[in-house]
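Each chain gets a letter, A, B and so on, in the order the sequences are listed, and its residues count up from 1.
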Amino acid sequence: MSLSLPANPPFSLSAVVESHGWFQLAPFDWLRPEATSEDGSGGLLTRVEELSSGRVVSLRLQDGGDGVEVEIRDSLTAAEEREIVNKVTRMLQLERDLSAFYEVVRGEPRLAHVEPAAKGRILCSPTVFEDVVKTILTTNVQWSGTVRMAKALVDQYGTPLPGARAQRAFPVPERLAAEDEASLRSAGLGYRAPFVLELARAVASGARDLEVLTSENLPTDELRRRLLSIKGVGDYAAASLMMLLGRYDFVPIDSWARTMVSREWHDGAPVGRTEVEMAFARWGPWQGLAYWFWAWNSA
DNA sequence: GGTAGACCTGGACGC
DNA sequence: GCGTCCAGGTCTACC
């Protein structure tokens, strides 16, 4: 069966998918546009997803009209279909309205590319839990390490797709909560293992509700406070997660951000948090997006 | 509130 | 091939 989901214009699947490196993390798989069409349009995003009913399905997402076309091999119940619609809507931020952002950055040459290319949406996971775990996996490690750890979690703990055991979903909190720290360490998570385990157990037990963080009614300061209360989530990780949650008031400042700001505005001299913050402060509530999509001189 | 050291791993480098 | 050093954010203990 297939589902056609509309998006707030402008929309481009490849612009969302390639907004950052999430598409390289299991169980996402991305066939770039040049691999799927002669004119360079399109692209195919696939992902194995475990539904709350316990069923595991394979999703194939492609550009479709004014939104995205979702193809699922199996027939679904109405509840399962609703769940997939909700998850895809979150993954691709289909309902995000970025017209105010485009208005604010109009006239800034380094951001002139965003609106014509339908950039501004950021690829998310279907659940906040998966986004938080993966963000913890980005800390204090090079990107190749994040890719390796995400793959290990999926390969070792993800529920397989029926008939294709090599294809697995991202493990649900209950699955990770049943493990012990040594097991997660053996998956290559290192010192992050207790952080991920504690989070999974808190979510599985109901002690922590992460999905409530998607509520637009939650004040930004309160959202940040709740994210920082998660072990393993510091300033950088909280700012990154806020971007995924549609709050752009903070710039995720990591070593790359400091390097790029240093090259762009300080002739390569070492810079700290303050200089990065000052570089994007003028964009106010959109500064996170301005940073994210800035066309760096030296990138 | 600010700071130092520990955490873990892969990659770069020198021998 | 082996050993050493370093980079990458966050936590905890300490001042």
Side-chain angles (χ1 to χ4, degrees), chain A residues 19-26 122 124-125 128-157 171 173 176-177 179-203 207-208 210 213 220-245 247-264 266 268-280 287-288 291-292 294 296 298-299:
Chain A
S19 56
H20 66 141
W22 249 214
F23 72 86
Q24 298 172 3
L25 302 183
I122 298 171
C124 297
S125 303
V128 180
F129 172 72
E130 182 178 327
D131 274 336
V132 175
V133 170
K134 285 180 171 175
T135 300
I136 290 174
L137 302 188
T138 68
T139 61
N140 204 21
V141 70
Q142 292 175 343
W143 180 248
S144 60
T146 302
V147 172
R148 177 180 43 78
M149 286 186 271
K151 183 175 187 307
L153 282 182
V154 170
D155 287 349
Q156 294 189 29
Y157 310 115
L176 291 179
E179 294 299 321
D180 58 22
E181 186 180 320
S183 172
L184 293 181
R185 281 182 182 272
S186 75
L189 270 64
Y191 73 94
R192 302 166 197 82
F195 300 154
V196 171
L197 185 60
E198 181 178 322
L199 179 68
R201 287 179 174 167
V203 172
R208 188 185 282 277
L210 289 178
L213 302 181
T220 299
D221 287 346
E222 173 63 14
L223 171 61
R224 183 167 182 271
R225 191 191 65 76
R226 291 197 194 185
L227 289 170
L228 288 171
S229 74
I230 300 169
K231 286 274 182 65
V233 174
D235 284 337
Y236 159 76
S240 289
L241 284 163
M242 289 175 73
M243 297 282 295
L244 300 180
L245 291 163
R247 312 294 182 99
Y248 312 116
D249 307 71
F250 294 88
V251 173
I253 301 174
D254 57 4
S255 57
W256 190 84
R258 287 192 292 271
T259 298
M260 299 313 288
V261 168
S262 164
R263 290 178 184 169
E264 188 89 358
H266 298 274
V271 303
R273 160 173 297 276
T274 306
E275 288 82 0
V276 178
E277 288 173 345
M278 286 176 62
F280 290 94
Q287 57 189 288
Y291 158 76
W292 203 277
W294 194 259
W296 298 99
S298 48

Engineer: Name the closest nucleotide to the K231(A) side chain, picking from dG9(C), dG10(B), dT12(C).
Structural biologist: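 The answer is dT12(C).
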Engineer: From the set dG10(B), dC7(B), dG9(C), return the single nucleotide nearest to any side-chain atom of R185(A).
Structural biologist: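 Shortest atom-to-atom distance from the side chain points to dC7(B).
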Engineer: Taking 4.0 Å as the cut-off, does a side-chain nitrogen or oxygen of T139(A) come that near to OP1 or OP2 on dG8(C)?
Structural biologist: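 Answer is no, no contact under 4.0 Å.
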Engineer: Please report the distance, rounded to the nearest Å, between CD1 in I136(A) and P in dG9(C).
Structural biologist: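 Rounded to whole Å, this separation is 15 Å.
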Engineer: Please tell me which of the listed nucleotides, dG9(C), dG11(B), dC11(C), lies nearest to the side chain of F195(A)?
Structural biologist: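 So the side chain of F195(A) is nearest to dC11(C).
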Engineer: How many Å lie between CG on D254(A) and P on dT10(C), as a whole number?
Structural biologist: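 Value for this atom pair: 9 Å.
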Engineer: Could you tell me how the ring of W22(A) sits relative to the ring of W143(A): parallel (under 30°), tilted (30 to 60°) or perpendicular (over 60°)?
Structural biologist: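 Judged by the thresholds at 30° and 60°, the geometry between W22(A) and W143(A) is parallel.
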Engineer: In this structure, how many angstroms lie between the C1' atom of dG11(B) and the CH2 atom of W143(A), rounded?
Structural biologist: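 Going from W143(A) (CH2) to dG11(B) (C1'), I get 18 Å.
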Engineer: Y236(A) OH to dA7(C) C1': how many Å, rounded?
Structural biologist: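 Going from OH in Y236(A) over to C1' in dA7(C) covers 14 Å.
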Engineer: Base, sugar-phosphate or nothing for G232(A)? Non-hydrogen atoms, less than 4.0 Å.
Structural biologist: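 Result for G232(A) = sugar-phosphate.
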Engineer: Whole Å only: how far is the CG atom of L189(A) from the C1' atom of dG8(C)?
Structural biologist: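 It works out to 15 Å between those atoms.
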Engineer: Specify the separation, in whole Å, of atom CD of Q142(A) and atom P of dC7(B).
Structural biologist: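 For the pair Q142(A) CD and dC7(B) P, the rounded distance is 20 Å.
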Engineer: Just checking I230(A): base, sugar-phosphate only, or nothing, at a heavy-atom cut-off of under 4.0 Å?
Structural biologist: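 The residue I230(A) makes sugar-phosphate contact but no base contact.
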Engineer: May I have the distance from R192(A) (atom CZ) to dC7(B) (atom C1'), rounded to whole angstrom?
Structural biologist: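 Distance check: R192(A) CZ to dC7(B) C1' gives 9 Å.
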Engineer: Tell me the interatomic distance from D235(A), atom CG, to dT10(C), atom P, rounded to whole angstroms.
Structural biologist: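 These atoms are roughly 7 Å apart.
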